Protein chains: 2
Amino acid sequence: MTPSSASTAHTSNTDFYASHDKLYVATDCIIFGFDDGDLKLLIFKRRVEPDSGIWSLIGSFVKIDEDVDEAARRVLKEITGLEEIYMEQSKTYGKAERDPGHRCISVAHYALMRINDHDRELTQSHGAFWYTLQELPRLALDHQDMVRDALDKLRRRARYQPIGFELLPEKFTIPQLQKLYESIYQRELDPRNFRKKVLSLKVLVKLDEKDKSGSKRGAYLYRFDSEKYQELLESGYNFEI
Amino acid sequence: MTPSSASTAHTSNTDFYASHDKLYVATDCIIFGFDDGDLKLLIFKRRVEPDSGIWSLIGSFVKIDEDVDEAARRVLKEITGLEEIYMEQSKTYGKAERDPGHRCISVAHYALMRINDHDRELTQSHGAFWYTLQELPRLALDHQDMVRDALDKLRRRARYQPIGFELLPEKFTIPQLQKLYESIYQRELDPRNFRKKVLSLKVLVKLDEKDKSGSKRGAYLYRFDSEKYQELLESGYNFEI
DNA sequence: GCAAAAGTGTTGAATCTACACCCATGC
DNA sequence: GCATGGGTGTAGATTCAACACTTTTGC
């Protein structure tokens with residue numbers, strides 16, 4: 001907003017701002033990963049009193065001279081060691097009583113990462129673990145809501161943007177991609193229809209290699225071609241799975 | 001977040017919070033209305049120095065004991081006199097330099113209202129005017145971005161939720177509804193296909209009245225049946241236009 | 001040789017798009 | 001009686017969902 005956009009009776013900017021409240025602003029990250037056929041969430045077990053033993057998302061306060069999304073990236077880096085992670089703002093949680101005893105709002109962000117990329121030691125040193133959505137324990141504060149809402153956004157977005165690829169290694173097989181979408185939407189997909197659909201988008205490049213980890217026969221590896229995707233977008237196309 | 005979710009080396013909650021920064025938190029409202037076949041935006045012309053004459057969205061600071069969405073509702077009420085307005089959180093704007101000279105983040109909300117419902121005198125007393133999207137003047141700060149993003153969200157949401165009805169009077173005609181969607185998506189729709197589609201959703205109730213304001217022949221009035229819509233939702237349906 | 005996953009095509013149903021004319025009424 | 005917007009149906013193209021068998025290979 002601008003000073004006096006709602007009320008115009010103030011005399012100077014300085015007075016106008018000074019007469020209002022300041023709040024703690026935090027950011028919390030809902031970090032999704034994909035491994036072993038399952039969509040997982042990186043959560044953190046507090047290991048000091050008080051509240052030792054309660055699981056929560058990873059977060060931090062936003063500093064006075066720091067962009068909010070910069071704060072979220074800082075958190076991600078601190079926890080995973082990675083700088084280039086796909087991240088989107090999810091939603092802001094602003095209930096006055098959401099953090100008992102303090103007035104603190106939180107701007108939640110969700111992130112998508114390849115589980116194998118990150119620095120496991122660093123993660124573990126923070127007491128963080130990957131949990132599947134099914135096994136997720138109760139989380140602190142309104143973090144439960146944050147996870148629900150972020151999953152909701154992820155599902156919606158995955159329908160019209162190829163963000164699924166952020167969760168897979170650079171080279172992946174079609175069955176892997178299918179398992180990923182199955183675990184995002186929590187329902188089974190038909191392998192024939194799925195393959196047909198993703199290939200019809202023409203944003204995958206078939207490689208001359210096979211991945212044999214999933215079967216004896218092995219499955220061809222593909223990679224995502226973001227240039228072709230850009231072309232698609234510019235010609236008005238809409239990615240849908 | 002919770003204290004020590006990112007770093008665990010602090011001694012007590014009090015110290016932990018106190019060692020961090022507090023920021024101004026504002027909310028800005030992107031208020032959409034529909035009138036005269038056009039989607040419009042309620043914007044505000046500052047009439048006092050400094051910056052007199054610059055258009056901006058309506059906003060306010062969030063008070064220390066107030067929910068963020070409560071603050072947005074307060075703004076809406078102050079400006080329009082209305083309490084029951086459809087409102088959604090849009091996005092949080094948190095660049096450190098977005099408001100030069102102050103550290104202030106803003107949680108934008110968009111609202112949908114029936115233009116004729118509101119208190120015109122109250123609105124005018126705040127220096128607010130309705131502008132079509134095409135005629136929109138340059139706005140202060142990052143308000144331009146806020147409008148773009150909110151319109152984006154509105155378009156997406158209008159595809160799977162019947163929020164269009166929030167912008168129309170209780171009783172409306174199919175041609176009116178079509179004009180609304182045309183002005184949201186800024187493209188023309190085929191009247192036969194449009195009618196077919198909205199009626200196939202079976203959430204409209206045809207009334208025995210006609211509206212003759214648009215033509216000599218008159219068009220039948222309909223109303224939105226939110227009970228039928230609930231049933232649809234519960235049976236797993238997805239509203240799409 | 002068999003278990004286990006990869007890969008492949010077709011058909012009917014549903015949905016989408018494009019398109020042109022008559023209707024009712026106020027003037 | 002004519003101008004104006006309201007209302008209606010169809011055909012072809014596209015997309016979607018459902019469905020079963022063959023291939024490859026490590027063991």
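Just so you know, these numbers use all the heavy atoms, side chains as well, and skip hydrogens, waters and symmetry mates. Letters A, B, ... are given to chains in the order of the sequence lines, protein chains preceding strands, and every chain is numbered from 1. Keep in mind that what you see is a predicted model, and the values were worked out from it rather than measured.
- If you check every strand for non-hydrogen atoms under 4.0 Å, B/K196 touches a base.
- Counting non-hydrogen atoms of other residues, nucleotides and ligands closer than 6.0 Å to NZ of A/K171 gives a total of 12 or fewer.
- Closest approach to the A/D190 side chain among C/dA6, C/dT17, D/dC19 is made by D/dC19 (side chain taken as heavy atoms from C-beta onward).
- To the nearest angstrom, C1' of C/dA24 lies 15 Å from CG of B/D211.
- The residue among B/K216 and A/R192 whose nearest nucleotide of DNA chain D lies closer to the 5′ end is B/K216.
- Regarding A/L199, its CG atom lies at a distance of 8 Å from the P atom of C/dT8, rounded to whole Å.
- Cation-pi contact between B/R114 and B/F172: absent, since separation from the ring centre below 6.0 Å together with deviation from the ring axis within 45° is not met.
- If you find the closest nucleotide of DNA chain C to B/S215 and to B/N193, the one lying nearer the 5' end belongs to B/N193.
- B/L189 has its CG atom 13 Å from the P atom of C/dC16, to the nearest Å.
- Under 4.0 angstrom from either OP1 or OP2 of D/dG7 there lies no side-chain N or O belonging to B/R217.
- Cation-pi contact between A/K91 and A/Y93: present, with separation from the ring centre below 6.0 Å and deviation from the ring axis of at most 45°.
- In this structure, B/K212 places its NZ atom 14 Å from C1' of D/dG7, rounding to the nearest Å.
- Protein atom NZ of A/K206 is 11 Å distant from nucleotide atom C1' of C/dT8, rounded to whole Å.
- As rounded to whole Å, 13 Å separates atom C1' of C/dT8 from atom CD1 of A/I174.
- Taking a 6.0 Å sphere around CD of B/Q134, one finds it holds more than 12 heavy atoms contributed by other residues, nucleotides or ligands.
- In this structure, CG of B/L177 is placed 19 Å from P of D/dG5, rounded to the nearest angstrom.
- Between A/K210 atom NZ and C/dA6 atom P the separation is 10 Å, expressed in whole Å.
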